[in-house]
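What follows is a single structure, written as structure tokens, with notes after it.
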Protein chains: 2
Amino acid sequence: MATIKDVARAAGVSTATVSYVLNDSAPVSPTTRERVLAAAQQLNYQPNQLARNLQNQRSTTLALVLPPFEPEIDLGGLLRACVARATQAGYAVLVTALASDQSLAELAQRTLERGMAAGCILLQPHGADQPLNGPCVWATWPPHGTHAPAVVCDGALAAQRAVHAFQRSGRQRIGLVLAATTAGAARWYLGYRRALKAGRLPFDPELVVQSDTDDLAAGHAAGEALFAGAPLCDAVIVAGGALAVGVQQAHLRASAHAESLQLIAGFDTPLVAGAGLSALVWPVERWGQLLVEQLLNLLNGHTPPQRTCLEPSLIVRST
Amino acid sequence: MATIKDVARAAGVSTATVSYVLNDSAPVSPTTRERVLAAAQQLNYQPNQLARNLQNQRSTTLALVLPPFEPEIDLGGLLRACVARATQAGYAVLVTALASDQSLAELAQRTLERGMAAGCILLQPHGADQPLNGPCVWATWPPHGTHAPAVVCDGALAAQRAVHAFQRSGRQRIGLVLAATTAGAARWYLGYRRALKAGRLPFDPELVVQSDTDDLAAGHAAGEALFAGAPLCDAVIVAGGALAVGVQQAHLRASAHAESLQLIAGFDTPLVAGAGLSALVWPVERWGQLLVEQLLNLLNGHTPPQRTCLEPSLIVRST
DNA sequence: CTGTTAGCGCATTCAG
DNA sequence: CTGAATGCGCTAACAG
């Protein structure tokens with residue numbers, strides 16, 4: 001636990017000089033610079049971030065705020081990406097989780113005001129109840145009416161991509177299953193309608209099913225609703241992970257007469273991969289990277305806050 | 001951004017008094033206590049953690065150190081559990097990730113020495129190259145020869161449980177697939193041998209396959225090795241997640257003659273669930289909780305460091 | 001019981 | 001170019 005004083009003493013200079021060479025914040029003669037560096041090296045000096053941040057009146061930590069439940073994303077991957085990018089920029093990543101009865105604004109605000117982080121990355125799927133004023137970036141669709149910076153997965157692009165893929169393999173009656181919990185479900189619907197129109201396919205409201213949650217049970221229910229009516233659809237886009245597997249299972253159960261069905265899951269979770277479903281893959285790596293970069297920009301005031309949409313790619317699996 | 005001074009001024013007392021009532025570190029008269037509390041409330045005062053930690057010479061942050069690759073565990077769940085428990089104890093959670101060329105000891109040491117965290121939770125599947133001296137708790141089997149505190153998933157218990165389950169359903173020839181990357185693979189083997197002996201089942205070395213990694217491809221290879229020999233086994237324990245799915249796929253491919261096979265995956269990942277495999281479920285919630293508690297104990301010096309083994313439960317799925 | 005004061009480790013003036 | 005002094009926000013002795 002060597003302090004800056006120890007280094008200064010060892011190098012025979014004052015603490016200010018040490019600070020200058022370490023932060024390169026003032027011109028220092030090459031010879032003393034060498035001496036200081038050597039002393040720091042030798043003592044294995046690590047500047048105390050707490051003291052540094054306190055002095056600088058700005059934290060070098062970014063906070064990631066998790067929703068109170070498990071989100072339908074590759075949290076591990078996203079976290080890793082954020083950490084990697086933040087580390088590269090000299091920042092650390094703090095993780096906080098929202099209790100189910102807690103307000104997002106409250107937690108974010110407190111984290112910021114306590115000086116624990118300089119900014120927040122928000123993973124809430126639902127909009128905030130109160131307006132946030134600190135430096136925050138949304139990883140999901142931010143509340144309407146605000147122009148908060150965000151980096152999001154765009155369901156419109158996803159739906160369009162899926163419809164095109166289906167059409168290329170000759171499918172005509174394409175269903176859509178939406179999850180109400182998915183922020184930006186409206187985007188999926190929008191992209192779906194657009195792609196149908198562009199592909200000159202008829203729109204049939206019976207082929208659109210709205211689900212409450214994104215889990216297996218909800219998928220079963222949605223599948224039953226979808227496959228009950230006649231004529232059956234021959235392809236389905238499911239804007240969810242577990243939801244898609246549920247739909248698949250419902251189809252297997254329903255069609256003893258072996259209807260052919262193509263299915264694309266909206267999020268390529270391990271569960272989806274295990275079930276052997278085709279799925280849309282979102283660039284998690286880039287997601288985390290952009291989130292951090294947006295936040296850093298916001299903190300430095302370099303660029304105005306932006307809204308970035310991520311594009312998925314399709315991974316085809318044989319069921 | 002109200003400081004302690006603002007509160008003191010508003011309440012008409014000194015900063016020390018404010019500190020006393022907020023930390024309950026000295027007796028204060030009820031009337032002034034009320035005044036201070038009211039002022040703090042009114043100004044929405046949040047104590048600056050940086051200053052507090054600097055003064056107290058101890059951080060209220062715990063660091064979670066991730067391995068350079070994606071581990072075969074429910075990172076999201078574990079993280080959430082750690083955060084929940086830490087928050088409850090007034091601690092925050094910092095996440096750092098090891099670069100592939102970085103030494104674990106180096107990263108942990110630096111994190112600690114920079115004052116960014118008071119202790120570390122280590123998620124490395126492989127033992128450390130250098131000895132660690134800071135307050136650290138392992139979430140995996142720690143390096144041999146050390147008596148570092150740890151909270152781990154015990155493969156011996158898992159294997160025993162699986163063998164018993166197989167035996168109850170009349171299986172006699174039980175295979176075992178090990179992943180070399182899984183720290184504590186030896187424990188799985190140990191439990192397997194023990195359970196066979198206890199169940200008076202013969203041990204056949206041909207039924208044990210060692211795999212290099214824990215992924216689908218490795219599972220295919222392991223499955224082929226296992227199902228090539230005759231007579232075939234009628235049950236397999238796979239000490240992995242993706243690995244188990246690979247073994248399953250290999251079996252489906254190999255046995256056109258529809259051999260019945262029971263399979264239990266060692267880790268119930270979403271991938272495993274999606275594939276509909278029976279699996280062992282580890283108590284992630286408790287895992288995170290215990291890791292944090294062990295670390296806090298270590299920091300407070302309340303109890304000596306311990307090694308805790310987690311027990312899995314079996315979830316049966318119909319393939 | 002409460003106010004005054006001295007640092008925690010560091011970065012930044014201002015003199016030399 | 002370098003050193004001494006000041007303060008970031010807070011807590012802990014020590015007085016009163």
Side-chain angles (χ1 to χ4, degrees), chain A residues 1-40 43-61 90 92 110-118, chain B residues 1-40 43-61 90 92 110-118:
Chain A
M1 292 274 221
T3 76
I4 199 173
K5 278 186 184 168
D6 300 324
V7 178
R9 196 171 326 115
V13 297
S14 80
T15 60
T17 309
V18 178
S19 177
Y20 292 149
V21 7
L22 260 39
N23 299 320
D24 202 33
S25 49
V28 175
S29 79
T31 50
T32 47
R33 150 175 251 99
E34 271 316 309
R35 280 224 312 285
V36 170
L37 253 24
L43 292 174
N44 188 240
Y45 169 68
Q46 299 290 352
N48 185 316
Q49 288 296 330
L50 275 62
R52 181 184 286 227
N53 290 343
L54 179 59
Q55 157 69 29
N56 292 345
Q57 288 292 64
R58 70 191 194 95
S59 169
T60 54
T61 300
R110 221 184 32 194
T111 306
L112 258 25
E113 287 185 345
R114 288 192 175 178
M116 310 196 63
Chain B
M1 293 273 221
T3 77
I4 199 174
K5 278 186 184 168
D6 299 323
V7 178
R9 196 169 326 115
V13 295
S14 79
T15 61
T17 307
V18 177
S19 178
Y20 292 149
V21 4
L22 261 39
N23 300 319
D24 202 34
S25 50
V28 174
S29 80
T31 50
T32 46
R33 152 175 249 100
E34 271 316 308
R35 281 224 311 286
V36 170
L37 254 23
L43 293 174
N44 188 241
Y45 168 69
Q46 299 291 352
N48 185 316
Q49 288 297 331
L50 276 63
R52 182 184 284 219
N53 290 342
L54 177 60
Q55 157 68 26
N56 291 346
Q57 288 293 37
R58 71 192 190 92
S59 169
T60 54
T61 300
R110 220 184 31 192
T111 306
L112 258 25
E113 287 185 345
R114 288 192 173 177
M116 310 198 61

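Throughout, a chain's letter reflects where its sequence line sits, starting with A, and its residues are numbered from 1.
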Roughly, in whole Å, what's the span from [atom1] in [X] to [atom2] in [N]?
| X | N | atom1 | atom2 | result |
| --- | --- | --- | --- | --- |
| Met116(A) | dC10(D) | CE | P | 14 Å |
| Asn53(B) | dC8(D) | CG | C1' | 15 Å |
| Gln57(A) | dG9(C) | CD | P | 18 Å |

Residues forming a side-chain contact (heavy atoms from CB on, under 4.5 Å) with Arg114(B), sequence neighbours excluded: Gln46(A), Gln49(A), Arg110(B), Met116(B)

Contacts of type side-chain contact (heavy atoms from CB on, under 4.5 Å), residue Asn23(B), not counting sequence neighbours: Ser19(B), Ser25(B), Arg52(B)

Non-neighbouring partners of Arg33(B) that pass side-chain hydrogen bond (donor to acceptor under 3.5 Å, both in side chains), sequence neighbours left out: Asp24(B)

Partner set under salt bridge (Lys or Arg N to Asp or Glu O under 4.0 Å) for Arg9(B), not counting sequence neighbours: Asp6(B)

5' precedence on DNA chain D between Leu50(B) and Val28(A) (nearest-nucleotide basis): Val28(A)

Interatomic distance, Lys5(A) atom NZ to Thr15(A) atom OG1 [nearest 0.5 angstrom]: 8.0 Å

From Leu112(B) atom CG to Thr61(B) atom OG1, the distance as rounded to the nearest 0.5 Å: 11.0 Å

Minimum heavy-atom distance between Leu43(B) and Ala2(B), given as atom pair plus value: O-CB, 4.0 Å

side-chain N/O Ser29(B) vs dT2(C) OP1/OP2, d < 4.0 Å: yes

Sugar-phosphate only, base, or nothing, as touched by Val18(B) at under 4.0 Å among non-hydrogen atoms: nothing

Degree of bending, the helix from dC1(C)-dG16(D) to dG16(C)-dC1(D) (end axes from five pairs; round to 10°): 50°

Nucleotide nearest Leu54(B) when distance is taken to its side chain, options dC1(C), dG3(C), dC8(C): dC8(C)

Main-chain N/O of Leu50(B) paired with Asn48(B) side-chain donor or acceptor, under 3.5 Å: yes

Listed pairs, N/O of protein and of nucleotides 10-14 of chain C, under 3.5 Å:
from: dC10(C); atom 1: OP1; to: Tyr45(A); atom 2: OH; distance (Å): 2.8
from: dC10(C); atom 1: OP1; to: Asn48(A); atom 2: N; distance (Å): 3.0
from: dC10(C); atom 1: OP2; to: Ile4(A); atom 2: N; distance (Å): 2.5
from: dA11(C); atom 1: OP1; to: Asn23(A); atom 2: ND2; distance (Å): 3.2
from: dA11(C); atom 1: OP1; to: Arg52(A); atom 2: NE; distance (Å): 3.2
from: dA11(C); atom 1: OP1; to: Arg52(A); atom 2: NH2; distance (Å): 3.4
from: dA11(C); atom 1: OP2; to: Ser19(A); atom 2: OG; distance (Å): 3.4
from: dT13(C); atom 1: O4; to: Tyr20(A); atom 2: OH; distance (Å): 3.2

